Number of protein chains: 2
Amino acid sequence: MDIDQATLRRLSLNTMTTKNWTLPEAVDGSVRAGLPAVGLWRDRVAEVGLDAAAKRVRDAGLRVSSLCRGGFLTAADAAGQRAALEDNRAAIIEAATLGTDALIMVVGGLPEGDRDLAGARQRVADRLAELVPFAKEHGVRMVLEPLHPMYVADRAVLSTLGQALDIASGHPADAVAVVVDTFHVFWDPQLPEQIARAGREGRVASYQVCDFNLPIASDALLSRGMMGDGVIDFRAITSMIAATGYDGDIEVEIFNAAIWAMNGDDVLATMARRYAELVHPYLDPAAADPAPADR
Amino acid sequence: MDIDQATLRRLSLNTMTTKNWTLPEAVDGSVRAGLPAVGLWRDRVAEVGLDAAAKRVRDAGLRVSSLCRGGFLTAADAAGQRAALEDNRAAIIEAATLGTDALIMVVGGLPEGDRDLAGARQRVADRLAELVPFAKEHGVRMVLEPLHPMYVADRAVLSTLGQALDIASGHPADAVAVVVDTFHVFWDPQLPEQIARAGREGRVASYQVCDFNLPIASDALLSRGMMGDGVIDFRAITSMIAATGYDGDIEVEIFNAAIWAMNGDDVLATMARRYAELVHPYLDPAAADPAPADR
């Protein structure tokens, strides 16, 4: 398939997809593949240095679609809470310096030995509220990422888009928003109505696509797959996103041992083809299939 | 810990927990352990023969707390749908013959190659509606089991208690009810309100307890753990169940390779101790901690 540049004008490589590439390699690879944007992880940025990373991406003519990640807000002790606030303030400054207004937030799981989900969820809301003024001051949105419920205990007590929007609802949309990551939310019976709600509230800050592979990988974190390799209906979810009017970048973020072992240029070529076939056709709201949201 | 019989008067062994026991072995083991009830799987019943199984359990003085399982209603083709209806009618008759009114329903995943979750969910609702008259006629409730979202594609497109209650809502509570299985629903931010709703609607037909172990087992189906070994707050969820007035049996159903490899009597002894410590204290609605449902 020959893919023209217009088709790829919103496609962004999240650096996790090519985990073995350094940030300069990911930037150069994205340029070679004709991609206009990258989603950066903080560890890749730190290896190069913040200002050098920002310059490198800018000089290559790429947008930064998001910075991954802030969050981990569930500490129950004062020292842990202080450390979380400090780390998130640093992440907000990094996002602003890199030229993105989207800081992806993975909110964290239960503290060791703790089983009180309701308590941990309340602490997320509390810490987030404390960070809102700092985020607004720096022009960065904290973008809440609901994670698949299989990660609720060890990674993110935020499990649904509805729950994320409930937490966001007390705050301005330019300070707290949400990301829709197909892997994490495709199963949710309330997805059509919650994506529509996120759109109405102006809180769709990012759309991330990857597939849900079966069987679940022996390391459950690595079950994310290339679009088309798993069970997700990208037409349905992309149509819902399109209907909100979201016109930002679309990141591909894949944790997958087999993909990490591949040549990076091959990964980007596959990613561009699958995106062109499975996602791009449904991005035009006028062409969107209304059926998935209606039934 | 010495456990008196009164403490165990609602504890039921689901035969999956002692997978390597035949039905007669499970019955005898339950009697030895002082349990008053068993939850039966259809394959264990079939090995003995339906009438012989019913007699064996009755003669031992045990209740049958539920029959596992009906369901698998998502077929898209006419032949598959016909087969599903036939199999569920057979299961309804088996439940009635065994003396339980609770047929647990695992509704099924996506048909091979199909990614249309909304369509599969609609077919579940359609097949269920077709089965309602037959279930009522035989005095058996179809007990919908929402499964953890990690199984949505390959096992059950029913993912939350709220979704189960939405499907049930068009039908009488003596024909369509729900089971609350801690493993499958503990993560749900809407759990307190949906359990309360199930209670108000008279649809809590079964309470099943087991833990959610981390890390997730390499075969994700086998991550169910003995209460206390994982991350679930049994006090919180049991208190919600108690507040509904549910006074039926409480089944322990564990899929876990390490537990299956243990001596069955040891498994039942551990199960009784953990139940006495982690579940039983919160079964009295008067003593129930109101906090989890309120906050």
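A note on names: the letters A, B, ... follow the listed sequences, proteins ahead of strands, and every chain is numbered from 1. As the structure is a prediction and not an experimental result, all values here were calculated from the model.
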Next item on the list: Please look at A:Q122 and chain B and tell me whether the side chain, the backbone, both or neither of the residue comes under 4.5 angstrom of a heavy atom of that chain.
Entry: neither

Item checked: Proximal component of B:D166, with respect to chain A [non-hydrogen, under 4.5 Å] -> neither

Next item on the list: Determine, for B:D211 against B:R274, whether the closest basic-nitrogen to carboxylate-oxygen distance falls under 4.0 angstrom.
Entry: no

Check: Going by atom types only, do B:T182 and B:R224 share a side-chain donor-acceptor pair under 3.5 Å?
Finding: no

Notebook entry, point to check: Looking at B:D219, B:V157, B:D154, which makes the most heavy-atom pairs under 4.5 Å with chain A?
Noted result: B:D154

Note to self: Hydrogens and angles aside, do A:Y275 and A:T7 bring a side-chain donor and acceptor to less than 3.5 Å of each other?
What the structure shows: no

Item checked: Atom group of A:F234 that falls short of 4.5 Å from chain B, counting heavy atoms -> neither

Notebook entry, point to check: Going by distance alone, is a donor N or O of one side chain under 3.5 Å from an acceptor N or O of the other, for A:S206 and A:R141?
Noted result: no

Margin query: Let's test your reading of the structure: which of B:T160, B:I232, B:L117 forms the most heavy-atom pairs below 4.5 Å with chain A?
Written below: B:I232

Note to self: Between B:A217, B:P215, B:P189, who has the most heavy-atom pairs with chain A when the cutoff is under 4.5 Å?
What the structure shows: B:P189

Notebook entry, point to check: Relative to chain A, which of B:G113, B:G230, B:G162, B:G109 shows the most heavy atom pairs under 4.5 Å?
Noted result: B:G230

Next item on the list: Determine the minimum heavy-atom distance between B:G70 and B:L103, stating which atoms define it.
Entry: N-CD1, 3.7 Å

Item checked: With B:L128, the side chain to side chain contact (heavy atoms under 4.5 Å, CB included) member among B:V107, B:N88, B:L144 -> B:L144

